[in-house]
Amino acid sequence: MTPTRRNGRRAAAAAVLALAVAGCGIRGTSVPVDAGGAPSRVSCKAPAIPASPDASGESTSTIVYLVCGSALAQVERAVPPAKGADPRLPTARALLDELRRKPSADEEKAGFSSALPQDLRVSGPRDGDPSDALRLNIRPDDLPSFALAQLVCTYGASTALGRTHAAVLGGPGDDTAHRYDCSADVLANPDIAENAGWGDPLSEES
């Protein structure tokens with residue numbers, strides 16, 4: 001077979017293939033095509049919020065933890081400093097308000113969200129509780145795992161609450177308040193809150 005005839009047959013075969021592709025409704029392309037939906041990419045970098053001094057010149061910048069992807073990440077928020085002899089409860093309530101607040105447009109664009117229930121409330125320790133305990137109107141273990149991790153890590157990072165990298169939390173009943181640590185594992189995998197035994201001492205209640 002001559003080269004000219006061979007080239008002609010190749011051209012004809014290519015034309016037939018192109019018609020077959022067109023007949024199936026598939027457009028030819030010169031670049032690879034990913035048949036699946038591409039995963040969305042988010043930065044998880046919150047916009048910096050300049051500290052807003054109050055009348056006394058005190059800084060009100062604080063850190064809260066929001067959900068980004070499958071982990072927790074820091075977001076800077078402006079919160080008025082708590083007043084009074086014991087700032088623990090006002091601070092805990094202010095931080096809870098921030099966690100319940102809808103992320104800003106810039107925060108949402110960066111991929112942030114919050115799992116905190118809007119009806120969650122916090123109060124001070126009861127008789128017999130450790131002095132650093134906080135009581136919730138929902139049992140900590142009944143909260144969504146991401147919500148509990150957000151709360152623990154946000155409280156654990158607060159200067160006014162002692163910056164203990166942990167939170168001592170109890171529920172509305174007579175349950176003993178437990179210490180929940182904000183570890184690197186919790187930040188990277190907030191679903192750890194679903195694992196029995198998170199919280200010290202361990203609950204032995206059914």
Side-chain angles (χ1 to χ4, degrees), residues 44 46 59-101 103 112-205:
C44 290
S59 173
T60 61
S61 177
T62 192
I63 293 296
V64 300
Y65 281 87
L66 298 183
V67 180
C68 195
S70 59
L72 300 187
Q74 291 184 357
V75 174
E76 194 174 9
R77 291 277 178 84
V79 177
K83 305 295 183 181
D86 185 359
R88 291 186 55 81
L89 184 55
T91 297
R93 286 174 172 165
L95 292 173
L96 177 57
D97 287 343
E98 290 300 315
L99 290 174
R100 289 186 312 215
R101 181 162 66 84
F112 290 99
S113 63
S114 182
L116 267 291
Q118 289 298 310
D119 60 347
L120 185 64
R121 301 290 182 269
V122 62
S123 57
R126 297 179 178 176
D127 290 342
D129 282 345
S131 60
D132 58 347
L134 294 166
R135 286 280 174 173
L136 308 175
N137 64 330
I138 300 174
R139 290 181 68 248
D141 292 343
D142 289 339
L143 289 171
S145 58
F146 276 71
L148 179 56
Q150 280 185 257
L151 195 64
V152 168
C153 291
T154 297
Y155 283 172
S158 169
T159 302
L161 297 182
R163 194 175 284 175
T164 58
H165 304 292
V168 180
L169 302 174
D174 296 329
D175 297 0
T176 301
H178 291 180
R179 176 188 170 91
Y180 297 84
D181 290 298
C182 178
S183 65
D185 288 340
V186 171
L187 291 173
N189 180 25
D191 277 334
I192 195 173
E194 293 181 349
N195 298 336
W198 192 44
D200 180 25
L202 300 180
S203 174
E204 298 179 353
E205 298 170 3

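Numbering of residues begins at 1 and proceeds along the displayed sequence.
Residue pairs meeting the side chain to side chain donor-acceptor pair (under 3.5 Å) criterion with at least one partner in residues 119-137, sequence neighbours excluded, are Asp129-Arg135.
In this structure, the separation between CZ on Arg93 and OG1 on Thr91 is 11.0 Å, given to the nearest 0.5 Å. Summarising the geometry, atom CG belonging to Leu148 is positioned 11.5 Å from atom CG belonging to Asp191; distances are rounded to the nearest 0.5 Å. Distance check, rounded to the nearest 0.5 Å: CZ of Arg100 to CG of Leu95 gives 11.5 Å. Remark: Thr62 OG1 to Glu76 CD distance equals 8.5 Å, nearest 0.5 Å. Residue Leu89 holds its CG atom at 7.0 Å from CG of Leu134, rounded to the nearest 0.5 Å. Taking CD1 of Ile138 as the start and CG of Leu169 as the end, the distance is 12.5 Å to the nearest 0.5 Å.
A heavy-atom distance below 4.5 Å is not found between the side chains of Tyr65 and Val186. Looking only at side-chain heavy atoms (C-beta outward), Ser114 and Gln150 come within less than 4.5 Å of each other. Using a 4.5 Å cut-off on side-chain heavy atoms (C-beta onward), Tyr180 and Leu151 make no contact. Considering only heavy atoms from C-beta on, Val152 comes within 4.5 Å of Trp198 through its side chain.
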Report task. Determine, stepwise, if the pair Leu66 / Arg77 fulfils side chain to side chain contact (heavy atoms under 4.5 Å, CB included). Result -> CA-CA 11 Å; Leu66 298 183; Arg77 291 277 178 84; 3.7 Å; yes

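What you find for Ala177 and Val168 is that their closest heavy atoms are CB-CG1, 3.9 Å. Looking at every heavy atom in both residues, Ala147 comes nearest to Leu116 through O-CD2, 3.7 Å.
Asp86 contributes a side-chain N or O that, together with a main-chain N or O of Arg88, makes up a donor-acceptor pair within less than 3.5 Å.
None of Val67, Val75, Val64 except one satisfies the side-chain contact (heavy atoms from CB on, under 4.5 Å) rule with Phe112; the exception is Val75.
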